[in-house]
Amino acid sequence: MSVLLEIRDLSVSFRQYDRGLRRRTITPVEAMDLAAAPGELVALVGESGAGKTLLGEAVLGMLPGNARVAGTVRYRGEELTEQRRRALVGRELVMLPQSVTYLDPTARVGAQIGRALRLAGRAQGRDEVVAALAARNLDAEVARRYPHELSGGMARRVLLAMALAGSPDLVFADEPTPGLDEDSVRAIFAELRAIADAGAAVIAVSHDLTQVVEVADRMVICQGGRTVETAAPSAFGQGAVRHPYSRALWAALPANGFAVAEEVS
Ligand SMILES: Nc1ncnc2c1ncn2[C@@H]1O[C@H](COP(=O)(O)OP(=O)(O)OP(=O)(O)O)[C@@H](O)[C@H]1O
Ligand code: NI
């Protein structure tokens, strides 16, 4: 299977102005590598501030104006130029947002899905809206609801329905499960797995290590702006991951006794 997205040696810097107009540059993403093929679910894991969101924003062109990106991002074997990105983002390449506040509180779910279908260049009649809901295991009745009338798990599914309106080939899911109970987390990961099985490449940022190892094809582990290891999910449970940080990440899970690895800086 050929690679759909290939990121090599990605860095993201921000130019900032100190007091007295002294300029300085910070580089939160220093060297990240990641590849994703059609049909694959790649989990991107690592502590808060490691640069996971920035990687997604760099690929999708969502960084603020003072950001500088270096390194290689190839999509379908060709450099993802600004021009290609503009044509692809929102259609072939989508972000599943981290926050449900992305939903418009004043509009019914059906209208919001209709809007997403229109932006993706699809037909947007009632039948299409109902089909988009059904594909995410939501009843047609949900179209009439407002966001505040949805449970946390349902709101996540609505966000999924909107992100998937244009049948994207690449989905970057940034923390798709915050604040959900265990069953809802499992259900959302099952959805992401199904999206990959249907042929898309899915990159999922997650802190739910125990759940994500159940569905991922590969785990990309990052720390301090660098990817430190790519491992098979099974390697985690078997203690076969190499990098001390990867081991610490696993050992720190509640089920594994919250062990804090002191050798890790
Ligand atoms: N616009 C910005 N200007 C300056 N620094 C930024 C900017 N955006 C992010 N950063 C910094 O870059 C680092 C990485 O941020 P990022 O949001 O990618 O982390 P993350 O791995 O997604 O963390 P989390 O798990 O908490 O979401 C953080 O230290 C953050 O403060
Ligand atoms: Ni983040």
Side-chain angles (χ1 to χ4, degrees), residues 5 7-19 21-34 36 41-71 73 80 82 85 89 93-102 152 156 159-160 163 170-180 185 188-189 192 202-213 216 218-231 236 241 243-246 248-254 258 260-261 264-265:
L5 178 77
I7 299 169
R8 241 188 287 153
D9 207 21
L10 182 82
S11 72
V12 180
S13 309
F14 295 97
R15 251 186 274 160
Q16 297 181 323
Y17 288 92
D18 280 345
R19 265 197 288 174
L21 293 181
R22 259 200 334 220
R23 254 198 354 214
R24 64 173 191 144
T25 303
I26 60 162
T27 306
V29 173
E30 288 188 57
M32 304 249 269
D33 300 320
L34 185 148
L41 199 169
V42 179
L44 181 58
V45 301
E47 67 201 344
S48 188
K52 307 179 296 292
T53 296
L54 287 177
L55 177 141
E57 291 177 343
V59 170
L60 289 152
M62 295 164 62
L63 291 167
N66 65 329
R68 290 290 171 275
V69 179
V73 179
L80 188 57
E82 202 43 54
R85 186 177 279 129
V89 168
L93 308 179
V94 301
M95 171 81 86
L96 179 66
Q98 186 162 5
S99 171
V100 292
T101 59
Y102 187 82
R156 286 279 146 200
L159 281 177
L160 265 172
L170 183 90
V171 179
F172 186 90
D174 193 354
E175 269 317 326
T177 60
L180 296 183
V185 171
I188 293 297
F189 278 132
L192 293 175
V202 179
I203 301 169
V205 171
S206 184
H207 288 118
D208 282 295
L209 219 54
T210 39
Q211 296 251 26
V212 86
V213 293
R218 263 171 326 111
M219 313 279 293
V220 175
I221 300 119
C222 58
Q223 181 192 28
R226 294 174 174 273
T227 42
V228 297
E229 184 165 9
T230 297
F236 263 91
V241 287
H243 196 279
Y245 177 68
S246 313
L249 209 57
W250 184 256
L253 291 175
F258 291 110
V260 176
V264 177
S265 56

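One is the number of the first residue; the rest follow in order along the sequence. Order of appearance sets the numbers: ligands from 1, and atoms from 1 within every ligand. Keep in mind that the numbers below use all heavy atoms, side chains included, and drop hydrogens, waters and symmetry copies.
Protein heavy atom in closest approach to atom 27 (O) of ligand 1: Thr53 OG1, 3.9 Å. Scanning the protein for heavy atoms near atom 23 (O) of ligand 1, the closest one is Gly49 N, 2.8 Å. Closest protein heavy atom to atom 26 (O) of ligand 1: Ser48 OG, 2.4 Å. Considering only non-hydrogen protein atoms, atom 25 (O) of ligand 1 sits nearest to Lys52 NZ, 2.8 Å.
For ligand 1, the polar-atom distance check against Phe14 finds no nitrogen or oxygen pair separated by under 3.5 Å. For Ile26, no nitrogen or oxygen atom sits less than 3.5 Å from a nitrogen or oxygen atom of ligand 1, counting backbone and side chain alike.
Taking 4.5 Å as the limit, some side-chain heavy atom of Thr53 sits within range of a side-chain heavy atom of Gln98.
Residues Ser11 and Glu30 bring no donor and acceptor atom of their side chains to less than 3.5 Å of each other.
Inclusion of Thr53 in the first shell of the Ni ion (ligand 2) is supported: an N, O or S atom falls under 2.8 Å.
Panel note: side chain Asp33, backbone Asp9; a donor-acceptor pair is recorded below 3.5 Å. A donor-acceptor pair under 3.5 Å is formed between the side chain of Ser206 and the backbone N or O of Asp208. A donor-acceptor pair is defined here as one N or O able to donate and one able to accept, closer than 3.5 Å; such a pair exists between the side chain of Arg85 and the backbone of Val59. Of the possible donor and acceptor atoms, none in the side chain of Lys52 sits under 3.5 Å from a partner among the backbone N and O of Cys222.
Nearest-heavy-atom check against atom 18 (O) of ligand 1 across Val205, Leu54, Leu44, Asp174 picks out Leu54. Scanning Cys222, Pro28, Ser13, Ala50 for the heavy atom closest to atom 13 (C) of ligand 1 points to Pro28.
Not a single heavy atom of Glu175 sits under 4.0 Å from any atom of ligand 1. Put simply, part of Gly51 is less than 4.0 Å from ligand 1, judged by heavy atoms.
Close approach of ligand 1 to Pro64 is summarised as follows: ligand atoms under 4.0 Å from at least one heavy atom of the residue are 1 (N). Interface atoms of ligand 1 facing His207, defined by a heavy-atom separation under 4.0 Å, are 25 (O). Short contacts between ligand 1 and Gln16, defined as distances under 4.0 Å to a heavy atom of the residue, involve ligand atoms 4 (C).
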- [ ] Decide yes or no on side chain to side chain contact (heavy atoms under 4.5 Å, CB included) for Met219 and Val45, but give the supporting numbers first.
- [x] CA-CA 7 Å; Met219 313 279 293; Val45 301; 4.2 Å; yes

Open item on the list: Between Thr25 and Phe14, does the side chain to side chain contact (heavy atoms under 4.5 Å, CB included) criterion hold? Intermediate values first, please.
Closed with: CA-CA 6 Å; Thr25 303; Phe14 295 97; over 6 Å; no

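Between atom CD of residue Glu57 and atom CG of residue Asp174 there is a gap of 7.5 Å, rounded to the nearest 0.5 Å. Taken to the nearest 0.5 Å, the NE2 atom of His207 stands 5.5 Å off from the OG atom of Ser48.
Distance check on atom 30 (C) of ligand 1: every protein heavy atom falls at or beyond the 4.0 Å cut-off.
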